[in-house]
There are 2 protein chains.
Amino acid sequence: MSKSDEVPDKGSNADEAYEAIVQRLRLGKIGRGDRIVDTVIAAELNMSRMPAREALLRLVNEGYLVGSTRGFRLPELTQADVLEIFEIRKILEPRAAALAAVALTPDQLEQLESAFFEARAGFETGNAQMMFDANVRFRNAWLNAVPNRRLVAMIERFFDQVNAVRIATLHDAESRQLSIAIGETLLAGFRRGDSLYVFEQMYSFVEAARAKFVALNSSGATKKARAVK
Amino acid sequence: MSKSDEVPDKGSNADEAYEAIVQRLRLGKIGRGDRIVDTVIAAELNMSRMPAREALLRLVNEGYLVGSTRGFRLPELTQADVLEIFEIRKILEPRAAALAAVALTPDQLEQLESAFFEARAGFETGNAQMMFDANVRFRNAWLNAVPNRRLVAMIERFFDQVNAVRIATLHDAESRQLSIAIGETLLAGFRRGDSLYVFEQMYSFVEAARAKFVALNSSGATKKARAVK
DNA sequence: TAGCCAATAACTGTATACAGAAAGAGACGC
DNA sequence: GCGTCTCTTTCTGTATACAGTTATTGGCTA
């Protein structure tokens with residue numbers, strides 16, 4: 001009744017399973033229609049069913065997954081669902097970014113600069129993966145600067161939920177260009193510590209992402225969000 | 001291996017345990033320092049340990065409880081924690097109330113009127129319990145009118161978290177008076193469907209509640225939030 | 001060949017048992 | 001009387017088993 005002795009324990013088996021599944025979700029390794037079964041996760045992670053089940057239930061509670069009688073899967077987000085999430089992002093992210101603008105340390109600003117330049121380099125050389133990774137670091141850098149950690153947790157959760165079912169947009173050239181443009185304006189605001197400017201730019205960015213989503217899904221309000229993969 | 005046959009099943013044992021515990025939290029029946037043990041909950045609800053544990057873990061995930069090696073308990077919220085939650089309420093509740101002002105049906109408005117008049121009657125006759133109950137109905141009425149249900153879920157969660165450790169403020173005469181005054185102004189705004197007005201009034205209300213909390217806890221930033229009970 | 005029905009398999013929900021960790025209580029020594 | 005140490009008890013985390021529900025598959029009939 002022992003698990004692997006390879007690495008010292010950082011948490012329980014359930015925590016380990018949770019982190020492993022969240023990582024797969026964030027990397028887009030779980031597709032729409034995939035079925036996640038707790039016995040399979042347990043076997044893969046060399047643990048019993050119960051901690052794997054506990055992790056899956058936590059992900060259900062957080063909105064990443066839905067349960068069924070035949071395994072767990074990604075939620076089917078309708079267009080209305082995604083619009084609702086965008087509405088929440090418009091409420092939360094401008095405010096968080098404004099708080100970050102005030103609270104940023106020089107070190108955090110340096111990380112933002114570095115991440116942005118790398119994203120731009122990826123954009124200019126057509127390296128989508130490099131750009132994607134740099135964008136994640138850019139986002140993490142300003143989120144790390146927000147003092148209100150509960151606010152950050154909410155933002156990350158809703159962002160992750162949408163991302164789990166929609167990763168393809170970054171590979172659209174227009175979206176990439178938009179991403180670079182808004183990164184540049186946000187960075188300027190963060191440099192100046194200009195809360196109001198950052199607020200407005202982030203609001204515009206989320207609104208532009210929302211409008212783009214609507215344009216891509218113009219064929220019906222109840223249509224399921226386009227699957228990734 | 002059967003549970004009580006008294007009522008037809010509405011959900012699983014775990015769901016039943018969750019609802020039972022949430023109800024106790026909302027009614028303030030779980031005090032600071034109380035220890036909640038899954039075997040005890042299971043025995044009370046005539047089920048085995050696992051569904052009771054599942055419910056407790058869900059409440060931990062939602063921030064209502066924290067786990068320890070000796071049972072689950074209410075979180076120790078520092079003043080900084082509570083201020084952080086107030087900050088989130090200031091972001092979320094004005095916006096939700098504004099959305100409700102637009103979306104309210106005549107029936108929902110009628111429920112708001114009815115709840116407010118009853119709260120005022122409770123205030124005028126010194127019936128704190130009646131006032132408390134009516135305030136809950138008032139709040140539920142406008143929250144029910146908000147189209148964005150994810151937003152409502154977040155608001156309820158943070159509100160419940162603070163309420164689980166702080167219920168006593170409503171019994172303070174000044175807080176009760178403030179509550180009636182803001183109820184009146186909100187109702188006026190809901191009647192007119194005036195989003196901006198409702199937004200501003202709700203913002204003022206949450207800010208006033210925050211300022212009151214600070215005044216009551218002026219002795220130190222790291223002091224634990226005053227216990228209920 | 002297609003549709004329907006029955007059986008089987010695959011999952012979930014839950015019950016029970018066990019091991020281990022940590023907290024609490026009691027005793028002893030200073 | 002207080003502090004420390006040791007032992008016991010009380011919890012959690014997890015493993016395994018079982019029952020039930022539901023989805024899937026295969027066979028039969030029209």
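Sequence lines set the chain letters: A, B, ... in the order given, protein chains first and strands last, and positions in each chain run from 1.
In this structure, Glu54(B) atom CD and dT12(C) atom C1' are separated by 10 Å, rounded to whole Å. Rounded to whole angstrom, the span from the CZ atom of Arg73(A) across to the C1' atom of dA10(C) amounts to 13 Å. The CE-P distance, from Met50(A) to dC18(D), rounds to 14 Å in whole Å. Nucleotide dT14(C) holds its C1' atom 17 Å from the CG atom of Leu56(A), rounded to whole Å. Taking atom CG on Asn13(B) and atom P on dA19(D), their separation rounds to 17 Å, with Å as the unit. Atom-to-atom, CG of Leu57(B) to C1' of dG13(C) comes out at 15 Å; the value is rounded to the nearest Å. Following rounding to the nearest Å, Tyr18(A) (OH) and dG13(D) (C1') show an atom-to-atom distance of 19 Å. Look at CD1 on Ile41(A): it is 12 Å from P on dC11(C), rounded to the nearest Å.
Between Glu76(B) and Arg32(B) there is a salt bridge, since a side-chain N of the basic residue sits under 4.0 Å from a carboxylate O of the acidic one.
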Would you mind building the protein contact string for nucleotides 4-11 of chain D? One character per nucleotide, 5' to 3', B for base within reach (heavy atoms under 4.0 Å), S for sugar-phosphate only, - for untouched. -----BBS

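In this structure, Arg53(A) reaches the dG13(C) phosphate: one of its side-chain N or O atoms is under 4.0 Å from OP1 or OP2.
Taking every heavy atom of both residues into account, Val37(B) and Gly71(B) meet most closely at CG2-CA, 4.4 Å.
Evaluation of the side chain to side chain contact (heavy atoms under 4.5 Å, CB included) rule for Ala209(A) yields Phe86(A) as partners, not counting sequence neighbours.
Atom CG in Leu99(B) sits 7.0 Å away from atom CG in Asn148(B) (nearest 0.5 Å).
Panel note: side chain Glu84(B), backbone Arg150(A); a donor-acceptor pair is recorded below 3.5 Å.
Applying the side chain to side chain donor-acceptor pair (under 3.5 Å) test to every pair with at least one member in residues 137-147 of chain A, sequence neighbours left out, gives these pairs: Glu118(A)-Arg137(A).
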